[in-house]
Amino acid sequence: MPHAEIEVLIQNSGLFSLCNISYGVGDKELISAFVERWHAETNSFHLPIDKSVKSVSVSYLLLFNNLRMCGGYAWGAAALTHLYEQLRDASYFNTKQLGSYVTLVQAWIYEHFSGMGRRDINPSYDEHLCFVLLVILRLLKNVESQHGRNLLSNGLGATPPMGWNSWNHFHEHINETIIREAADALVSSGLSELGYTYVNIDDGWGEMSRDLDGNLVADKTKFPSGIKALADYVHENGLKLGIYSDAGYYTCAKRMPGSLGYEEQDAKTFASWGVDYLKYDNCNNGGIKPLDRYPIMTRALMKAGRPIYFSICEWGDMHPALWGYPVGNSWRTTDDITDNWERMLSRIDTNDVYADFAKPGGWNDPDMLEVGNGGMKKHEYIVHFSLWAISKAPLLVGCDPGNMTDDTLEILSNAEVIAVNQDPLGIQGKKVRMEGALEIWAGPLSEYRVAVLILNKYGDRHAVISAEWDDIGLDPSTVVEARDLWEHEILKRQFVGKLTVTVEPHSCKMYVLKPIA
Ligand code: GLA
């Protein structure tokens, strides 16, 4: 589709939706400020094709009337102002940037108006917002498929990566024995056979100074045998080795240099050591924008002579979901997780905003697992693991694999939940419904199956919750067989229209629904 036509379509669909969502909106002062601004700026509004002028004017009139009539929520007007600004600017942007503004708007609204998305507040607003986002995303998808655009093309990350990382449990207190023992434990516990193959060394592995040739050097006390020896060791055990660096002058712990300015040299070093995975952090970056730092490493890795999974760890600062796919195999969407219920949930909620940007080869990363580190109860860790799995998050174990309780191993070894995460369709599940602290998450799987997670976030009461076909993407008349992924059994009854279950406090149930009629 020609560029100009896309612009017009986007403007029109955007304006149409603005009209619709303006029902029920209302702080009067904000509205009149918005209308005034709209009025002043539409005079200079960029309209590439004449025939669109008419519909834009009609839309504008409708919008104006709606705004005049309504009363109520300040957030609505503010959101509209912002959306409008983005739409206006969008007409001068290229199509890639158009993708960015959609999620920026979405993220901005979620950040400033945490009530958004709650059907009990204002269903029509939410639905219309979704409409505008969907229309635009769809247009962008066309554009994207016309110009295949993955620069990285390293063939890695067809499904989310699985393995272990040293940070959440050991922090910088690592050495080669700890890494070797973690590798051994992945094998002896059976986790490696289930797919957990990356053994990832996080911050704290290097000397403070590079050598005379400018090469990174492993810490001589903590890693006396060097990284290559470790890579050889894990490879002999059928595993892969990951390493950590930073798109800055120092890593976050500040005890070793980052790779900024040394990208090609460091990528070559990593490749020569036999490294298979690079986590690339964002500290001490001199205020240089991520898009001016991360792609340099992408190109360096492409030239390094060995496929290396590139894990962008930018913490979601500049919405890496918008630009991450051509640059890396996954991108952190949030800052660091900690081992507690609230923080775990807030990571996955932030991550959920970007669901549409994940796909095979490039995944949203809500940070590594805390399962087994002791800060949550077993049923809470089950929620943690289930949410990560359905969200197609990297499954990187963050506990000490040499000291796992039976419960920890049971959770991490749930092959049915892992299969949801690793499903070849590679579509990230989303939060599709929420009422108070009760949530339904769902996502399509291969063979027309659907994964469903039914969550009770209340800490003090059980709840009877229904997942309705309407919400989870099944035709209302579809009859399904439901397999409970934590009880490991197919429910006796078959279901049509909805699945109603009782869920204990801070717990979830997870099912795969298979259409049978
Ligand atoms: C940042 C990252 C963490 C970890 C530490 C290491 O905080 O987000 O995952 O790598 O740095 O210092």
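Values in this document were obtained by computation on a predicted structure and should not be read as measured data. What you see below is based on every heavy atom in this structure, not just the backbone, and it leaves out hydrogens, waters and symmetry mates. Remember, it's 1-based here, ligands and their atoms both numbered in the order they're listed.
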Give me the nearest non-hydrogen protein atom to atom 12 (O) of ligand 1 as residue plus atom name, then the distance to 0.1 Å.
D203 OD2, 2.8 Å

Anything under 30° is parallel, anything over 60° is perpendicular, the rest tilted; go ahead and classify Y198 against Y309.
tilted

Hey, which atoms in ligand 1 end up nearer than 4.0 Å to a heavy atom of Y244?
6 (C), 10 (O), 11 (O), 12 (O)

Which pairs, with at least one residue in residues 305-315 and sequence neighbours excluded, count as a salt bridge (Lys or Arg N to Asp or Glu O under 4.0 Å)?
D276-R306

In terms of ring plane angle, is the pair Y294 and Y280 parallel, tilted or perpendicular, where the classes change at 30° and 60°?
perpendicular

Ligand 1 to A253, heavy atom cutoff 4.0 Å, flagged ligand atoms 12 (O)

Taking the six-membered ring for Trp, are H171 and W167 parallel (under 30°), tilted (30 to 60°) or perpendicular (over 60°)?
perpendicular

Can you list the atoms of ligand 1 that are under 4.0 Å from a heavy atom of C252?
1 (C), 11 (O), 12 (O)

For atom 11 (O) of ligand 1, the closest protein heavy atom turns out to be D281 OD2, 2.7 Å

Does any donor atom in the side chain of W315 or D367 lie under 3.5 Å from an acceptor atom in the other side chain?
no

Side chain or backbone of C283 under 4.0 Å from ligand 1, or both, or neither, by non-hydrogen atoms?
neither

Do T269 and S272 have side-chain N/O donor and acceptor atoms under 3.5 Å apart?
no

Flag D367 as yes when one of its N or O atoms lies below 3.5 Å from any N or O atom of ligand 1, and as no otherwise.
no

So do the side chains of H384 and M376 get within less than 4.5 Å of each other, counting heavy atoms only?
yes

Counting heavy atoms only, which part of R332 comes closer than 4.0 Å to ligand 1: side chain, backbone, both or neither?
side chain

Could a heavy atom of D202 be found less than 4.0 Å from some atom of ligand 1?
yes

Decide whether the shortest distance between a heavy atom of E172 and an atom of ligand 1 is less than 4.0 Å.
no

Counting both backbone and side chain atoms, is some N or O of W167 under 3.5 Å from an N or O of ligand 1?
no

Quick one: does K279 get a heavy atom under 4.0 Å from ligand 1?
yes

Cationic tip of K240 within the cone over Y277's six-membered ring, i.e. under 6.0 Å and within 45° of the normal?
no

Atom 3 (C) of ligand 1: nearest protein contact (heavy atom, Å)
D336 OD2, 3.4 Å

Whether the N351 and N364 side chains hold a donor-acceptor pair (N or O, under 3.5 Å, no angle test) is what I'd like checked.
no

